[in-house]
There are 2 protein chains.
Amino acid sequence: MSTTVEKLLDQAESEIRERGYHAVSFRDLAASLGIKSASVHYYFRQKEDLGIALVKRYGEQFFNILEEKAEELDNPLQAVIDVYRNALTSSDRICLCGMLGAEGCGIPKTLSDEVAAFFQANIDWIAETLPKTISAAERKRQAEHCIATLQGAMMLATSLNDHKVFDRAAKSLLK
Amino acid sequence: MSTTVEKLLDQAESEIRERGYHAVSFRDLAASLGIKSASVHYYFRQKEDLGIALVKRYGEQFFNILEEKAEELDNPLQAVIDVYRNALTSSDRICLCGMLGAEGCGIPKTLSDEVAAFFQANIDWIAETLPKTISAAERKRQAEHCIATLQGAMMLATSLNDHKVFDRAAKSLLK
DNA sequence: GTCAATCTATCTATTGATAGGTAGCGATAA
DNA sequence: TTATCGCTACCTATCAATAGATAGATTGAC
């Protein structure tokens, strides 16, 4: 049985990934758990605090799963694609950071900084796994291309309501 | 001198591309033009109507500029990249449809349908310009990859606050 | 008795939306 | 010529709903 905080984070992540930061309210979240909005404020003083906790947890889970997958597959790039693909298909939602990244300066600065850190870590992780025969600048470029494509593909696939769009767009990355 | 409706559309596009649909209010827009929110409702009965007018205008302008650029450059793919690049760098904002596409089912259905139509037209345009020696399915796939990458690259570049991220990510598309 | 976890109740601000009024202009009929 | 009609482009005033947030009471386990 998960705790109230965990349920709160799960629900918030789900709703924000579905509709965006501003379309989700403490009352929504509370109602989904059968509690009152004041109780949400007990765990997260401000909405901003909830957002930051959310992105931090998301990043940790993401990299844990990624490391696991990379070891299992022995193909880092395929691992990244698989993790993104699973994030999309298991929930029919885009990446939490993809949503918050799009909302840009519509969300608190501390939150968008956290989102940017996620992307940077993601890029660095990929760049690090590419063959060292490639220059550092080129590895960085390829990593940026990879993340851009995967994030864009999630958005495109949900907008067009077809997961196959993601699969097809991601396929190019393996060439 | 532009009319009030045009100023309204310009302001709304700018603000929505910056912060998202839900973070923009009729009062914001009205205040920016020095009028009252009731006057915005005079031109657009509901917020949804404004959104739809916005996406339609955006799409028309986008394809007009794209056709022009394609003729000028004689390289359709480069033209697409240039138009996206200009959309990003001239305003430091992501694509209107990129933002609304991310917000997914947080926006009215009629609006997200319009956004999806923009993406589909975009994909079809690119697929049409690729060499006919490539199969239709493969052309479609490459077109989807292209849009996904460009949309993702805009988001990534604004999140990381560095336009060069867009340029580097987009560079792979020309190979 | 203490403390975590919840509640009730309430505040202020903002939202999308509506009803109804008004100023100014061009067309038109007396 | 002038009165007035109708229209556009705004306005004031207001609504109900919802937002984030806070103060302070209650409950129950240890």
Side-chain angles (χ1 to χ4, degrees), chain A residues 1-55 57 96 99-100 103-112 114, chain B residues 1-55 57 96 99-100 103-112 114:
Chain A
M1 191 58 183
S2 60
T3 67
T4 300
V5 198
E6 282 162 354
K7 281 188 242 171
L8 221 33
L9 288 167
D10 290 343
Q11 187 66 29
E13 181 184 317
S14 171
E15 293 195 20
I16 291 179
R17 284 175 63 187
E18 189 182 29
R19 308 195 305 270
Y21 185 79
H22 285 103
V24 174
S25 72
F26 274 32
R27 280 176 180 78
D28 285 346
L29 298 175
S32 298
L33 300 205
I35 60 175
K36 299 294 170 177
S37 76
S39 304
V40 181
H41 280 281
Y42 171 75
Y43 292 103
F44 304 99
R45 196 161 179 275
Q46 300 180 87
K47 192 179 183 182
E48 183 178 345
D49 299 328
L50 169 60
I52 291 170
L54 225 38
V55 174
R57 186 184 76 148
L96 175 67
M99 176 64 85
L100 297 176
E103 289 185 285
C105 58
I107 60 175
K109 176 80 165 59
T110 52
L111 188 48
S112 55
E114 207 67 49
Chain B
M1 193 56 183
S2 58
T3 67
T4 300
V5 197
E6 281 162 355
K7 281 188 239 170
L8 221 34
L9 288 168
D10 289 343
Q11 187 65 28
E13 182 184 317
S14 172
E15 293 196 20
I16 291 179
R17 284 175 62 186
E18 189 182 29
R19 308 195 305 269
Y21 184 79
H22 285 102
V24 174
S25 73
F26 273 33
R27 279 175 182 78
D28 285 346
L29 298 175
S32 299
L33 299 204
I35 59 175
K36 299 293 169 178
S37 76
S39 304
V40 182
H41 279 281
Y42 171 75
Y43 292 104
F44 304 99
R45 196 160 179 274
Q46 300 181 88
K47 193 179 182 182
E48 182 176 345
D49 298 327
L50 169 59
I52 291 170
L54 225 38
V55 174
R57 187 185 74 149
L96 175 67
M99 175 65 85
L100 297 175
E103 290 185 285
C105 58
I107 61 175
K109 176 82 166 59
T110 51
L111 189 48
S112 55
E114 207 67 51

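So that the names make sense, note that chain A is the first sequence line, chain B the second, and so on, each numbered from 1.
- Minimum interatomic distance between A/His22 and B/His22 (heavy atoms only, all atoms of both residues): CB-CB, 3.8 Å.
- OP1 or OP2 of C/dG16 has not a single side-chain nitrogen or oxygen of B/Ser37 nearer than 4.0 Å.
- At the heavy-atom level, A/Tyr42 lies under 4.0 Å from base atoms of the strands shown.
- At the phosphate of D/dC10, OP1 or OP2 sits under 4.0 Å from a side-chain N or O atom of B/Thr4.
- Protein atom NE2 of B/His41 is 13 Å distant from nucleotide atom C1' of D/dT14, rounded to whole Å.
- Among the protein residues, B/Val24 comes within range of the sugar-phosphate backbone only, with heavy atoms under 4.0 Å from sugar or phosphate atoms but none that close to a base.
- Look at OH on B/Tyr21: it is 14 Å from P on C/dT15, rounded to the nearest Å.
- For A/Lys36 and D/dT27, the NZ to C1' distance is 16 Å, given to the nearest whole Å.
- Among all heavy-atom pairs drawn from B/Lys47 and B/Tyr21, the shortest one is NZ-O, 2.9 Å.
- Using a 4.0 Å cut-off, no side-chain N or O of B/Ser25 falls inside it from OP1 or OP2 of C/dT14.
- Here D/dA19 presents its C1' atom at 14 Å from CZ of A/Arg19, a figure rounded to the nearest Å.
- A distance-only check finds no donor-acceptor pair linking the side chain of B/Glu48 to the backbone of B/Thr110 [under 3.5 Å].
- When all heavy atoms of B/Asp28 and B/Glu15 are compared, the closest pair comes out as CB-OE1, 3.6 Å.
- Regarding B/His22, its NE2 atom lies at a distance of 11 Å from the C1' atom of C/dT15, rounded to whole Å.
- Among the nucleotides C/dC7, C/dA19, C/dA4, the one closest to any side-chain atom of B/Ala38 is C/dA19.
- A/Leu33 has its CG atom 15 Å from the C1' atom of C/dC7, to the nearest Å.
- Comparing B/Gln46 and A/Ser39 against DNA chain C, the residue whose closest nucleotide sits nearer the 5' end is A/Ser39.
- If you check C/dG16, C/dC7, D/dC10 against the side chain of B/Lys47, the one that comes closest is C/dG16.
- You'll find the side chain of B/Tyr43 stays beyond 4.5 Å of the side chain of B/Leu9, heavy atoms only.
- Close to D/dT22, at under 4.0 Å from its OP1 or OP2, lies a side-chain N or O of A/Arg45.
- Residue B/Gly34 is the one, among B/Gly34 and B/Arg27, whose nearest nucleotide of DNA chain D lies closer to the 5' end (criterion: closest heavy atom).
- Taking atom CZ of residue B/Phe26 and atom P of nucleotide C/dA13, one finds them 23 Å apart after rounding to whole Å.
- Atom CG of B/Leu50 and atom C1' of C/dA17 are 14 Å apart (whole Å).
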